Participant: 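Quick one: this structure, given as structure tokens, is what I'll be asking you about.
Index from 1, following the sequence. Because the structure is predicted, anything quoted here is derived from the model rather than measured.
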Amino acid sequence: MESAMVLVVGAGPTGLSLAYDLVRRGVPVRIIDRQEQFTTASRAKAGVQPRTLEVFDDFGIIDRLLAAGTQRLPFRRLLRDQLISEVVPYEDKSPLPDAPYRRMLYIRQNDVEQILRDLLSEVGCEVERSTTLTEFTQTDTSVIATLDGPAGTEKAEFDYLVGCDGGGSTVRKQLGIKFQGFTDESQKLYVGDVEVDGLPDDAWYQWYDLERGLLLLCPLSGSRSWQIQASPSVAPDGTLPPPSLEALQEAVDRISGMPIKLSNPTWLSVTRKNVRMAESLRSGRALIAGDAAHVHPVAGALGANTGVQDAYNLGWKLARVIKDGADQSLLDTYQEERLPIAEWTLRTSCSSADKIAEAVISGTGGAEKGLTEETNQLGLNYRDSSLSWNLAERAADDSPAVRAGDRAPDSPGPDGTRLFDVFRGPHATLLGMGASCREALARVESAGVAGLRTLDVQERPPAYGYTEDTLVLVRPDGYVGLVTTAEDSTGVLRYLDFLQGPHAAAGRD
């Protein structure tokens, strides 16, 4: 068996996405998780946002996910047993030619993880359970990790290590990376998975009672379980009793006043407001992603989504360095691009929480106020990245056209295929938008650049907004890396050399 080149620590959505993205690019991976059994807890309920659905479309698992969840979930707000309002977030967001996914998918996080584990297994990689990273050291050429597993303690050598091991990340702590921010211990909620009698499972029930507290009961698609979030009652001595079925039932009785009965708890926990971000995402050959790099309120449903997109950004860059010999400096762009997104995520989730609180206090709404056009993440971009090259004047700052660093929109073709069909896979894609691009496409093809697909898009797609024929290079993660003029094959090749590092550019010169 080929030695693993990357150790991924943590098998949540972030770690599983990264492991798959690397393996499909030909990079051998070991992925470990300290759990003895895979969790069945819903945890964050995994509201999968449209941009993350596009990632899973690229992975080829979008149909599995859509079948396991629902995109229509009414938010039913009550005061005691009285219906106050009912809304269906994103109900008016029908698919568009440039954006086939515009509604959030409600699905249990453990179902997302199972689908990703199955996908990973299909390419020959299995999660190693009951395995813990205890320590690691780095050299100029490798990472030496000490692992405790069912067979005992071992030392193993890897090219790179990526910590996807949650907010308490061992990797981040051993690297000495500061986790800046705050934890508000005054805002605690019980959370858990239970069965519910007394309510039809056709909506997410929400009680925002300024006197009695918060109660949220959400049915979990494909399961008998519901996720509950509830304000606890503080004990006479001022302490918070540990979560239990009895404590949750007391909250339901106190807040709803309805004959709702809970049973069969399979997961119970306590959540608190935690807002933190790592000061860096890389130290040498060790990197962090997902909750190991950023934690924030659940409002806006951004958590697992941002982690999956961290992995999607990092995967192709690690593969280029390991398999294609690109310079390690390419990995610096992971931090360059994703730290601002982490900052945006913290700011946006806190803003969503504030919007919900304002609506609750004014009696004008609930959790739906935290879900906005912004939280679907389709507008996130890397325009300020060193990997974003605008070489055409029409890609100026004030142009409405798609620019380097933007998400590459989908578009239907005359033969029934879509651009997303062309993008799907581990390659980059050079689009020639307009007939005058054909000669430049041919010149780039003749250069024999590995991992690059070219496509003659005979008519300029309206979603891209170009009024002249244009060459557009789409990165492997679905973002535009380069926009240039129809004849500029030299600019395209120079950009591809830049991705490989100084030695590649020198070689082509």
Participant: Assess whether salt bridge (charged side-chain N to carboxylate O under 4.0 Å, His left out) is satisfied between Arg64 and Glu122, documenting all intermediate values.
Facilitator: CA-CA 14 Å; Arg64 303 186 208 182; Glu122 290 164 15; 3.1 Å; yes

Participant: Identify the heavy atoms of Asn305 and Gly47 that sit nearest to each other, and give their distance.
Facilitator: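 Taking Asn305 first and Gly47 second, the nearest heavy atoms are ND2-O, 2.9 Å.
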
Participant: If only side-chain N and O atoms count, and only distance matters, is there a donor-acceptor pair under 3.5 Å linking Glu374 with Trp344?
Facilitator: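 Note: Trp344 and Glu374 side chains meet the donor-acceptor criterion.
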
Participant: Does Asn274 offer a backbone N or O that forms a donor-acceptor pair with the side chain of Thr183 under 3.5 Å?
Facilitator: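 Checked: no pair found.
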
Participant: Is NZ or CZ of Arg30 both nearer than 6.0 Å to the six-membered ring centre of Phe158 and within 45° of the ring axis?
Facilitator: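 Output no; distance or angle outside limits.
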
Participant: Taking NZ, NE, NH1 and NH2 as the nitrogens, is one of them in Arg108 or Glu113 under 4.0 Å from a carboxylate oxygen of the other?
Facilitator: no

Participant: Using 30° and 60° as the class boundaries, would you call the ring planes of Trp207 and Tyr205 parallel, tilted or perpendicular?
Facilitator: parallel

Participant: Under a 3.5 Å cutoff, is there a donor and acceptor pairing between the side chains of Ser225 and Asp193?
Facilitator: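 No.
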
Participant: Any idea which heavy atoms bring Val402 and Pro409 closest together, and the distance?
Facilitator: CG2-CG, 3.8 Å

Participant: Looking at Arg103 and Glu91, would you say the former's side chain and the latter's main chain have a donor-acceptor pair under 3.5 Å?
Facilitator: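 Present.
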
Participant: Will you find, in the side chains of Ser130 and Gln35, an N or O donor that is under 3.5 Å from an N or O acceptor?
Facilitator: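 Judged by distance alone, the side chains do not pair up.
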
Participant: Is the NZ or CZ atom of Arg285 positioned over Tyr160's six-membered ring, under 6.0 angstrom from the centre and within 45° of the axis?
Facilitator: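 Judged by the rule (NZ or CZ under 6.0 Å from the ring centre, within 45° of its axis), Arg285 counts as positioned above Tyr160.
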
Participant: Taking Thr470 for the side chain and Tyr466 for the main chain, is one N or O donor matched with an acceptor at less than 3.5 Å?
Facilitator: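 The answer is no, because no donor-acceptor pair under 3.5 Å joins these two groups.
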
Participant: About how many Å separate NZ of Lys317 and CG of Asp477, when rounded to the nearest 0.5 Å?
Facilitator: 6.5 Å

Participant: Hey, is the main chain of Leu378 close enough, under 3.5 Å, to the side chain of Asn376 for a donor-acceptor pair?
Facilitator: yes

Participant: Which heavy-atom pair separates Leu96 from Arg418 by the least distance, and what is that distance?
Facilitator: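 So the minimum-distance heavy-atom pair works out to O-NH2, 4.1 Å.
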
Participant: Check whether Gln180 reaches the backbone of Ala278 with its side chain - one donor and one acceptor, N or O, closer than 3.5 Å.
Facilitator: no

Participant: Could you walk me through whether Leu471 and Leu431 pass side-chain contact (heavy atoms from CB on, under 4.5 Å), step by step?
Facilitator: CA-CA 6 Å; Leu471 291 169; Leu431 303 173; over 6 Å; no

Participant: Distance only, no hydrogens: is a donor on one side chain within 3.5 Å (strictly under) of an acceptor on the other, for Glu337 and Asn313?
Facilitator: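 Indeed, the side chains of Glu337 and Asn313 share at least one donor-acceptor pair under 3.5 Å.
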
Participant: Does the side chain of Tyr190 come within less than 4.5 Å of Gln229's, by heavy atoms?
Facilitator: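 No, their side chains stay 4.5 Å or more apart.
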
Participant: Apply the test side-chain contact (heavy atoms from CB on, under 4.5 Å) to residues Thr146 and Leu133: give CA-CA distance (whole Å), side-chain angles for both, the deciding distance (0.1 Å), then the verdict.
Facilitator: CA-CA 6 Å; Thr146 301; Leu133 172 72; 5.9 Å; no

Participant: Between the main-chain N or O of Ala11 and the side-chain N or O of Asp33, is there a donor-acceptor pair closer than 3.5 Å?
Facilitator: yes

Participant: Of all residues at least two apart in sequence or in a different chain, which pass the side-chain hydrogen bond (donor to acceptor under 3.5 Å, both in side chains) check with Arg24?
Facilitator: Asp21, Asp58

Participant: Applying side-chain contact (heavy atoms from CB on, under 4.5 Å), run through Thr484 and Val472 and close with a yes or a no.
Facilitator: CA-CA 7 Å; Thr484 192; Val472 177; over 6 Å; no

Participant: Check Ile32 against Thr132 and note the closest heavy-atom contact, atom names and distance.
Facilitator: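 For Ile32 versus Thr132, the nearest heavy atoms are CD1-C, 4.3 Å.
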
Participant: Look up atom CD1 in Ile107 and atom CG in Leu66, then write down how far apart they are to the nearest 0.5 Å.
Facilitator: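 Taking CD1 in Ile107 and CG in Leu66, the distance rounds to 8.5 Å.
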
Participant: Given 3.5 Å as the limit, does a donor-acceptor pair link the side chain of Asp165 with the main chain of Val171, or not?
Facilitator: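 At least one qualifying donor-acceptor pair exists.
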
Participant: Please tell me whether Lys188 and Thr271 have a donor and an acceptor in their side chains that are separated by less than 3.5 angstrom.
Facilitator: no

Participant: Would you mind reporting whether Leu18 and Cys164 have side-chain heavy atoms less than 4.5 Å apart?
Facilitator: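 They are in contact (side-chain heavy atoms under 4.5 Å apart), so the answer is yes.
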
Participant: Would you please indicate if the ring centroids of Phe498 and Trp389 are separated by under 6.0 Å?
Facilitator: yes

Participant: Between Gln206 and Tyr208, do the side chains contain a donor N or O and an acceptor N or O under 3.5 Å apart?
Facilitator: yes

Participant: Which heavy atom of Ala286 sits nearest to which heavy atom of Phe136, and what is that distance?
Facilitator: CB-CE1, 4.2 Å

Participant: With a 3.5 Å cut-off and no angle check, do the side chains of Asp406 and Tyr382 form a donor-acceptor pair?
Facilitator: no

Participant: Side-chain donor-acceptor pair under 3.5 Å between Gln114 and Asp118, yes or no?
Facilitator: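 Yes - a donor-acceptor pair under 3.5 Å links their side chains.
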
Participant: Quick one: do the Tyr101 and Asp57 side chains pair a donor with an acceptor below 3.5 Å?
Facilitator: yes

Participant: Check whether Ser352 reaches the backbone of Gly370 with its side chain - one donor and one acceptor, N or O, closer than 3.5 Å.
Facilitator: yes

Participant: What's the separation between atom CG in Leu287 and atom CD in Gln335, rounded to the nearest 0.5 Å?
Facilitator: 9.0 Å

Participant: Quick one: are His294 and Asp310 in side-chain contact, heavy atoms under 4.5 Å?
Facilitator: yes

Participant: Using a cut-off of 6.0 Å, state whether more than 12 heavy atoms not belonging to Arg34 lie near its atom CZ.
Facilitator: no

Participant: Check the pair Leu314, Val162 against side-chain contact (heavy atoms from CB on, under 4.5 Å), reporting the backbone distance first and the verdict last.
Facilitator: CA-CA 10 Å; Leu314 178 58; Val162 185; 4.0 Å; yes

Participant: How long is the gap from NE2 on His427 to CG on Leu452, to the nearest 0.5 Å?
Facilitator: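 CG of Leu452 is found 8.5 Å from NE2 of His427.
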
Participant: Provide the closest heavy-atom pair for Pro13 versus Ala304 in the form atom of the first, atom of the second, distance.
Facilitator: CG-CB, 4.3 Å

Participant: More than 12 heavy atoms of other residues, nucleotides or ligands under 6.0 Å from CG of Asp384: is that the case?
Facilitator: no

Participant: Any sub-3.5 Å donor-acceptor pair from Ser349's side-chain atoms to Thr345's backbone N or O?
Facilitator: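 Here the side-chain-to-backbone pair exists.
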
Participant: So that I can tick it off, tell me whether Asp332 and Arg282 are bridged by a salt bridge, with the cut-off set at under 4.0 angstrom between side-chain N and carboxylate O.
Facilitator: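 Looking at Arg282 and Asp332, the cut-off is met.
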
Participant: Kindly indicate whether a cation-pi arrangement holds for Arg129 with Phe38, taking the cut-offs as under 6.0 Å to the six-membered ring centre and within 45° of the axis.
Facilitator: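 Yes, Arg129 lies over the aromatic ring of Phe38.
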
Participant: Between Glu358 and Lys355, is there a side-chain N and carboxylate O pair less than 4.0 Å apart?
Facilitator: no

Participant: So, Gln174 and Glu135: side-chain donor and acceptor under 3.5 Å apart, yes or no?
Facilitator: no

Participant: Between Arg494 and Asp497, does any NZ, NE, NH1 or NH2 come within less than 4.0 Å of an OD or OE carboxylate oxygen?
Facilitator: no

Participant: Supply the atom-to-atom distance Lys273 NZ to Cys350 SG, rounded to the nearest 0.5 angstrom.
Facilitator: 5.0 Å

Participant: Would you say the side-chain atoms of Glu157 and Ser142 include a donor-acceptor pair closer than 3.5 Å?
Facilitator: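 Yes - a donor-acceptor pair under 3.5 Å links their side chains.
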
Participant: Quick one: pull up CG in Leu499 and CG in Asp327 and give me the separation to the nearest 0.5 Å.
Facilitator: 11.5 Å

